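Just so it is clear, the model here is predicted, and its values are computed rather than measured.
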Amino acid sequence: MRTYTATPKDIEHRWYVVDAEGMVLGRLATEVAKIIRGKHKPMFTPHMDTGDNVIVINASKVRVTGRKAEQKEYFRHTGYMGHERFTPFATMLAKHPERVIEKAVYGMLPKTALGRQSLRRKLRVFAGAQHDHVAQQPEVLTFTKSEK
């Protein structure tokens, strides 16, 4: 028996919209990364882009558990020696709520050429409830919300 490998003619990309209101950040990011990667499909092939596009709305209403709201920090480097910059989670959520979800999802995607070039473009995040991808006719995708 031969191992199945998806070919470009077999792959069909779909669009999904996810409402992040009240969802836990990490649990949302794992489900979104799985859909972007294509692991929810039986035709998943690691070296091919079999995933779907995901639109996340209400990014400003995502939540974290425990003390992460006070303790979590986002790291960036200016390029100069010793110039590390840390941004607290609360500040990042207030100023750029879409970056919070983007960083969480991108951290769960593979660090390969496929992950950097094509998979990163499959995520669209919006802070509010409106998005501008109505023409793609996205399907609503719901996940079970954790009680924690």
Side-chain angles (χ1 to χ4, degrees), residues 1-77 86-148:
M1 181 184 257
R2 305 194 87 161
T3 303
Y4 174 78
T5 302
T7 58
K9 65 179 180 179
D10 299 333
I11 299 169
E12 179 188 340
H13 300 290
R14 301 171 77 184
W15 285 77
Y16 295 104
V17 62
V18 177
D19 189 2
E21 184 174 359
M23 294 194 71
V24 178
L25 176 64
R27 294 173 196 272
L28 170 71
T30 55
E31 294 296 328
V32 170
K34 184 169 43 173
I35 292 167
I36 289 173
R37 184 100 191 269
K39 289 192 138 192
H40 64 294
K41 295 182 179 180
M43 67 164 32
F44 171 70
T45 307
H47 65 278
M48 298 281 297
D49 179 13
T50 57
D52 296 324
N53 295 289
V54 178
I55 303 163
V56 179
I57 58 173
N58 289 324
S60 60
K61 297 177 183 172
V62 75
R63 65 185 185 92
V64 290
T65 58
R67 297 185 60 198
K68 286 193 256 333
E70 307 133 18
Q71 294 177 343
K72 184 172 179 62
E73 292 182 328
Y74 291 95
F75 170 84
R76 68 184 175 91
H77 197 275
F86 296 95
T87 308
F89 173 79
T91 305
M92 185 74 88
L93 190 64
K95 289 184 179 179
H96 307 286
E98 52 282 328
R99 287 188 201 169
V100 171
I101 294 179
E102 285 173 0
K103 284 185 166 288
V105 173
Y106 292 161
M108 296 177 187
L109 292 176
K111 279 62 171 180
T112 59
L114 179 69
R116 284 190 301 271
Q117 293 167 3
S118 63
L119 296 182
R120 285 180 77 117
R121 288 183 283 171
K122 292 181 159 289
L123 176 67
R124 272 74 169 192
V125 185
F126 296 93
Q130 300 296 323
H131 64 85
D132 52 359
H133 294 281
V134 180
Q136 282 75 26
Q137 300 171 343
E139 301 173 30
V140 176
L141 195 63
T142 57
F143 306 118
T144 56
K145 294 185 180 179
S146 176
E147 299 301 320
K148 291 184 177 181

Separation between CZ of R116 and CG of L109, rounded to the nearest 0.5 Å: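 With rounding to 0.5 Å, CZ (R116) is 12.0 Å from CG (L109).
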
To the nearest 0.5 Å, tell me how far L119 CG sits from N53 CG.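 Nearest 0.5 Å value for the CG-CG distance: 10.5 Å.
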
Would you indicate whether [X], at its atom [atom1], is surrounded by more than 12 heavy atoms from other residues, nucleotides or ligands within a distance under 6.0 Å?
{"X": "K111", "atom1": "NZ", "value": "yes"}
{"X": "Q130", "atom1": "CD", "value": "no"}
{"X": "K41", "atom1": "NZ", "value": "yes"}
{"X": "Q71", "atom1": "CD", "value": "yes"}
{"X": "E139", "atom1": "CD", "value": "yes"}

Does the plane of the ring in F75 sit parallel, tilted or perpendicular to the ring in F86? Use 30° and 60° as the thresholds.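 If you compare the ring of F75 with that of F86, the planes turn out tilted.
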
In terms of ring plane angle, is the pair H131 and H133 parallel, tilted or perpendicular, where the classes change at 30° and 60°?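 Ring orientation of H131 relative to H133: parallel.
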
Taking side-chain hydrogen bond (donor to acceptor under 3.5 Å, both in side chains) as the criterion, tell me which of H13, K122, H40 meets it with D52.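 It is H40; the other options fail the test.
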
Test log, rule side chain to side chain contact (heavy atoms under 4.5 Å, CB included), inputs T5 and H47: CA-CA 9 Å; T5 302; H47 65 278; 3.7 Å; yes

Is the charged tip of R37 near the ring of F44: under 6.0 Å from the six-membered ring centre and within 45° of its axis?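 That pair does not qualify as a cation-pi contact.
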
